[in-house]
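To keep things clear, I will list the structure first and then write my remarks on it.
Because only heavy atoms are used, hydrogens play no part in the values below, and waters and symmetry mates are left out as well, while side chains stay in. All of these numbers come straight from a predicted model, not from anything done at the bench.
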Amino acid sequence: AIDEEVQCELFSQEQNAHFMLKLTPIVSNQCKIGYTLLFEDISAIRQSEIKLKEQNSFLIQANEKLTHYVKIAGALEAEEERLLILRQLQSSLIEKIEASISMISNIRDNSFINETHKLDIKDLSNLLRSIYKDVRASVSRIAGKDVTSHDKSSNCR
């Protein structure tokens, strides 16, 4: 009843082997006179396919890990930038606070000697305002917000 080639794959558990079975009718003068049966060992092909699937699975997992590591590296770089901003802010604040303390001492020591204490107090208040603006600008930079040119100019002493 088979009029054309039929093929199927078989697996032998005894031999742990894969075979391709091809059954082809032999036709002579439009009459079937028999069949040819071909067994082909395709175990090497199937095993290489299994190995390829395993390697693809390994590569997929490695790519997922790499993506995760890249995200972590990006987050660490952002944190490093924030830390740098904090260090700069800390250094700037220490300098300005020391200058404020010096100005306060100067005002206290000289307020009764000469009448320049009003000007000194004004300078001190400007310096303290500058410290406040620096803190705001730095907090905005740490938060990732854009700092306007007005806020940037406040960093100048």
Side-chain angles (χ1 to χ4, degrees), residues 4-23 38-157:
E4 55 189 48
E5 181 179 287
V6 176
Q7 92 179 24
C8 65
E9 188 175 318
L10 301 172
F11 176 71
S12 169
Q13 288 183 345
E14 279 181 15
Q15 297 172 338
N16 191 25
H18 293 267
F19 296 98
M20 180 62 71
L21 170 71
K22 291 183 185 178
L23 181 65
L38 174 69
F39 279 95
E40 181 181 358
D41 185 358
I42 58 169
S43 298
I45 294 170
R46 292 298 172 251
Q47 294 201 356
S48 66
E49 288 174 349
I50 291 169
K51 193 172 187 177
L52 182 64
K53 285 179 184 179
E54 289 171 353
Q55 289 174 344
N56 281 340
S57 175
F58 174 78
L59 286 174
I60 288 169
Q61 291 174 357
N63 282 337
E64 288 172 356
K65 288 178 183 177
L66 181 61
T67 302
H68 181 69
Y69 293 148
V70 166
K71 287 178 184 177
I72 290 172
L76 288 175
E77 286 176 7
E79 288 303 316
E80 185 178 22
E81 180 65 26
R82 287 186 182 106
L83 183 60
L84 179 64
I85 292 169
L86 283 172
R87 285 181 183 151
Q88 291 170 347
L89 173 64
Q90 182 182 21
S91 175
S92 174
L93 287 176
I94 288 171
E95 288 176 22
K96 290 182 178 185
I97 289 171
E98 286 174 350
S100 298
I101 291 170
S102 174
M103 290 176 85
I104 290 170
S105 294
N106 190 27
I107 291 170
R108 185 190 64 223
D109 294 343
N110 296 325
S111 66
F112 298 108
I113 298 171
N114 57 35
E115 294 295 321
T116 63
H117 69 280
K118 289 181 182 178
L119 206 72
D120 291 339
I121 291 174
K122 183 178 179 184
D123 290 342
L124 175 62
S125 66
N126 286 335
L127 181 59
L128 293 174
R129 214 177 280 107
S130 165
I131 292 172
Y132 173 74
K133 286 181 182 180
D134 286 351
V135 170
R136 282 190 59 191
S138 296
V139 168
S140 293
R141 284 177 53 205
I142 291 169
K145 296 179 182 175
D146 247 352
V147 181
T148 63
S149 60
H150 177 265
D151 287 341
K152 286 181 181 176
S153 66
S154 70
N155 288 334
C156 301
R157 289 191 266 162

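- Once rounded to the nearest 0.5 Å, the distance linking CE of Met20 with SG of Cys8 reads 8.0 Å.
- Nearest heavy atoms, Leu89 versus Asp134: CD1-O, 4.0 Å.
- The structure places OG of Ser12 at 10.0 Å from CZ of Phe39, a figure rounded to the nearest 0.5 Å.
- For the atom pair Leu93 CG and Ser100 OG, the distance stands at 10.0 Å (nearest 0.5 Å).
- Annotation: side-chain contact (heavy atoms from CB on, under 4.5 Å) contacts of Phe11 (sequence neighbours excluded): Gln13, Asn16, His18.
- For residues 54-83, the side chain to side chain donor-acceptor pair (under 3.5 Å) pairs, not counting sequence neighbours, are Glu79-Arg82.
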Working for side-chain contact (heavy atoms from CB on, under 4.5 Å), residues Gln47 and Glu49: CA-CA 5 Å; Gln47 294 201 356; Glu49 288 174 349; over 6 Å; no
Verify side-chain contact (heavy atoms from CB on, under 4.5 Å) between Gln7 and Leu21, making sure each step is shown before the conclusion. CA-CA 5 Å; Gln7 92 179 24; Leu21 170 71; over 6 Å; no
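- Here the side chain of Ser130 pairs no donor or acceptor atom with the backbone of Asn126 at under 3.5 angstrom.
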If you apply the rule side-chain contact (heavy atoms from CB on, under 4.5 Å), what do you find for Leu127 with Lys96, and how did you get there? CA-CA 7 Å; Leu127 181 59; Lys96 290 182 178 185; 4.0 Å; yes
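- To the nearest 0.5 Å, the span separating OG on Ser92 from CD1 on Ile131 amounts to 8.0 Å.
- Going from atom CD1 of Ile45 over to atom CD1 of Ile50 covers 12.5 Å, rounded to the nearest 0.5 Å.
- Ser91 places no side-chain N or O within donor-acceptor distance of the main-chain N or O of Gln88, the cut-off being under 3.5 Å.
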